[in-house]
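Working notes, structure below.
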Amino acid sequence: MIKVQNISKKLGAKLVLDEVNFSLKKGGITAIIGANGAGKSTLLSLMARLLPLDCGQISFDDLDTGKTPSDVLAKKISILTQSNYISARLTVLQLVMFGRFPHHKGRPQKADHAHVAKILELMELDEIADRFIDQLSGGQQQRAYIAMILSQDSDYILLDEPLNNLDMKHARNIMQSLRKIADEMNKSIILVIHDINFAAAYSDLFIALKDGKIIVQGSVDEVMTEGNIELIYDMQVDIKTIDGKKHAFYYT
Amino acid sequence: MLKTSWFKTDKHIIIALSLLAALLCILFLTYGAKGQWGFVLSFRGVKIFALVLIAVAIAVSTVLFHTITHNRIITPAIMGFDALYVFIQTSLLFFLGVIEFINLSGMGKYLLNIVIMVALFLGLFHWLFLKANRSIFLLALTGIIIGIFFRNLSYFIFRLLDPNMFAVLQGELFSSFNAVETDLLGISAVIIGLCLVPIYLMRYKLDILALGRDKAIALGINYKPNVFGLLAVIAILVSVSTALVGPITFFGLLVSNLAYLIVKNQNHVNLLIVACLIAICTLVGGQFIFEKLLGLQGTLSIVIECLGGITFIWILLRTHRR
């Protein structure tokens with residue numbers, strides 16, 4: 001169970017998040033949507049303690065992020081940030097093994113190797129496991145970073161634009177894998193995603209932010225209406241139901 | 001990318017470098033020795049000890065600085081350590097006068113240098129990094145400005161010095177491996193040894209810190225206290241080596257980048273050991289060539305900076321190509 005209570009955040013003079021409140025039950029996929037600059041990434045960073053809270057409180061299963069030791073939280077929450085750059089020269093395997101650090105503290109055990117092998121296969125990285133990160137394409141790198149997050153094996157997984165740089169095929173594979181992880185391993189996944197149709201196809205809940213406030217929240221079907229989308233993004237789209245699923249048409 | 005394919009694993013690299021270092025040390029100890037062995041060995045042994053200490057201090061501080069700044073082409077010198085050292089020497093000479101300056105005991109000057117440098121930089125780190133919550137990059141930038149400030153103050157004093165004083169100062173400022181005072185070595189060894197203890201304890205955390213602030217925090221590292229501790233260790237190591245032989249931080253850039261070039265599994269245990277070994281080989285080998293073969297013409301630091309500069313440009317060009 002995640003509880004976000006009364007959090008606000010100022011970056012410079014700008015109020016990026018303004019009294020945000022919500023709580024989520026454990027399990028399932030929640031998509032945070034909203035226009036650029038709505039405060040989505042800041043919200044994820046605050047939840048993952050990458051930024052200090054100005055006010056308010058965030059807790060995961062009663063672990064307060066402000067008070068719990070960082071290494072305890074590392075087994076509870078993991079986060080994929082938007083920009084990933086590493087100056088050290090690492091192979092995919094090494095990077096993904098670093099995701100196990102909260103568990104092995106620098107000395108990987110058999111269980112860690114087994115877990116990493118499983119994740120590499122899931123992310124279709126086993127063939128390039130020994131390649132250096134800086135020699136991979138953007139999409140391959142993105143998958144390696146996601147694999148690192150998954151190998152951390154935390155109960156709550158926060159992903160900031162996981163589909164960055166990915167082609168259609170890999171984007172769909174990742175979303176399918178996330179769905180599987182959420183359903184079969186009872187993980188809670190919270191992601192920031194821009195393609196509303198991808199979000200609608202794979203998530204259970206939507207939280208929509210605008211100017212630092214939650215303006216709409218609810219199940220995918222509730223949120224996916226022409227009125228709501230116009231409210232969130234200030235643009236008109238057609239919502240059509242195809243085979244029982246709602247799709248937004250906004251290309252033309 | 002890797003030309004050194006004669007070595008299959010990092011263990012082989014470490015063994016080969018250790019052997020080379022040992023060989024160079026033995027050569028340095030015994031080459032052309034005449035007279036009493038006891039005297040020769042203790043005389044030269046002290047020199048080797050000094051060279052090894054400096055090599056370790058500089059290699060370790062540079063690699064750690066790269067780790068916490070995520071940038072492999074800067075050195076702790078960017079923070080203005082060198083400039084502060086020059087300023088301390090210059091103002092000591094200016095305010096004390098030549099006679100007093102020369103009479104100042106080695107130990108006194110050494111401790112004074114270390115205390116001022118460490119105190120100033122710890123104060124700066126504490127204020128900017130812990131209190132004002134600024135990023136490590138702002139810290140480095142502030143260091144650059146402080147460096148310029150002290151350098152200009154020193155230049156200003158240079159203009160006020162008479163030629164005799166200036167000559168004395170110049171002799172003092174060229175880093176020299178010949179004139180290391182033996183009574184300073186013991187205390188330096190203790191300080192450097194104490195600095196290596198926390199680094200050993202943090203050896204796995206260092207790999208995580210190298211991934212960047214966000215990833216380190218996400219993986220459960222207490223970022224600020226750890227980075228502050230490392231900055232403190234770097235400040236102490238650089239101060240000790242500078243107070244001992246003068247400013248030679250460029251050397252650290254050279255050995256760390258050579259280590260990045262040849263180490264295959266780049267965890268910090270491997271990187272630190274290889275960088276230290278390369279540093280020892282370079283300093284001991286360089287001093288041997290310089291002292292025994294060239295007959296003390298010139299200064300080792302000048303040779304190292306010159307060859308180091310060329311090597312470094314070569315490394316940059318090569319890395320750019322991939």
Side-chain angles (χ1 to χ4, degrees), chain A residues 41 44-52 54 65 68-91 93-108 130-135 145 148-149 151-154 156-160, chain B residues 1-2 10 63-74 130 132-137 200-227 256-257 259-272 319-322:
Chain A
S41 296
L44 278 199
S45 292
L46 287 170
M47 289 171 75
R49 74 199 176 298
L50 301 184
L51 288 175
D54 289 351
T65 55
T68 314
S70 196
D71 54 339
V72 175
L73 285 173
K75 291 182 189 165
K76 201 59 146 175
I77 333 163
S78 56
I79 182 167
L80 173 79
T81 48
Q82 231 180 88
S83 58
N84 292 289
Y85 167 75
I86 289 177
S87 65
R89 213 168 141 70
L90 297 174
T91 64
L93 182 64
Q94 283 173 320
L95 181 79
V96 179
M97 189 53 93
F98 279 140
R100 299 292 300 164
F101 183 80
H103 305 273
H104 64 55
K105 299 286 180 197
R107 298 164 183 270
D130 292 323
R131 299 255 308 268
F132 286 106
I133 297 289
D134 54 0
Q135 292 168 343
Y145 287 119
M148 176 184 173
I149 300 309
S151 75
Q152 203 173 330
D153 200 24
S154 55
Y156 296 91
I157 302 169
L158 313 177
L159 303 165
D160 199 349
Chain B
M1 167 73 196
L2 297 167
D10 294 320
V63 171
L64 293 183
F65 196 64
H66 290 169
T67 298
I68 55 175
T69 54
H70 322 298
N71 185 326
R72 290 180 161 187
I73 53 168
I74 56 178
L130 288 183
N133 213 0
R134 298 299 183 159
S135 75
I136 191 88
F137 301 106
Y200 176 75
L201 295 175
M202 287 177 71
R203 63 198 184 283
Y204 299 124
K205 282 187 185 171
L206 290 172
D207 296 331
I208 304 298
L209 282 169
L211 300 177
R213 177 187 174 274
D214 287 356
K215 289 199 167 51
I217 295 176
L219 291 173
I221 302 275
N222 238 341
Y223 182 75
K224 269 197 178 174
N226 277 304
V227 171
S256 56
N257 274 284
Y260 300 142
L261 201 65
I262 64 173
V263 174
K264 291 186 174 73
N265 184 355
Q266 303 205 338
N267 58 49
H268 276 77
V269 176
N270 286 342
L271 284 177
L272 286 170
T319 348
H320 197 67
R321 225 184 290 148
R322 72 169 146 92

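Note that the structure is predicted; figures quoted are calculated from it, not measured. Residue numbers begin at 1 in each chain, while the letters A, B, ... track the order of the sequences. Only heavy atoms go into these numbers, but all of them, side chains included; no hydrogens, no water, no symmetry mates.
- Between the side chains of B/N265 and A/Q94, at least one donor N or O sits under 3.5 Å from an acceptor N or O.
- Counting heavy atoms from C-beta on, the side chains of A/R89 and B/Y260 never come closer than 4.5 Å.
- For chain A, the nearby parts of B/D207 are the backbone and the side chain; heavy atoms of each come within less than 4.5 Å.
- The CZ atom of A/F101 lies 10.0 Å from the CG atom of B/L211; values are rounded to the nearest 0.5 Å.
- Summarising the geometry, atom NZ belonging to A/K105 is positioned 9.5 Å from atom CD1 belonging to B/I208; distances are rounded to the nearest 0.5 Å.
- In this structure A/P69 satisfies the side-chain contact (heavy atoms from CB on, under 4.5 Å) test together with A/D71, A/V72, sequence neighbours excluded.
- Note on A/N84, A/T91, A/L90: by heavy-atom pairs under 4.5 Å with chain B, the leading option is A/N84.
- Top candidate by heavy-atom pairs under 4.5 Å with chain B, chosen from A/S154, A/S78, A/A74, A/G99, is A/A74.
- Two residues are said to be in side-chain contact when any heavy atoms from C-beta on lie closer than 4.5 Å; A/T81 and B/K215 meet this criterion.
- B/L219 has its side chain within reach of A/M148: a pair of non-hydrogen atoms, C-beta onward, lies under 4.5 Å apart.
- Side-chain N or O atoms of B/R213 include one that pairs as donor or acceptor with a backbone N or O of A/L50 at under 3.5 Å.
- Interface remark: B/I221 contributes backbone and side-chain atoms alike to the contact with chain A (heavy atom separation under 4.5 Å).
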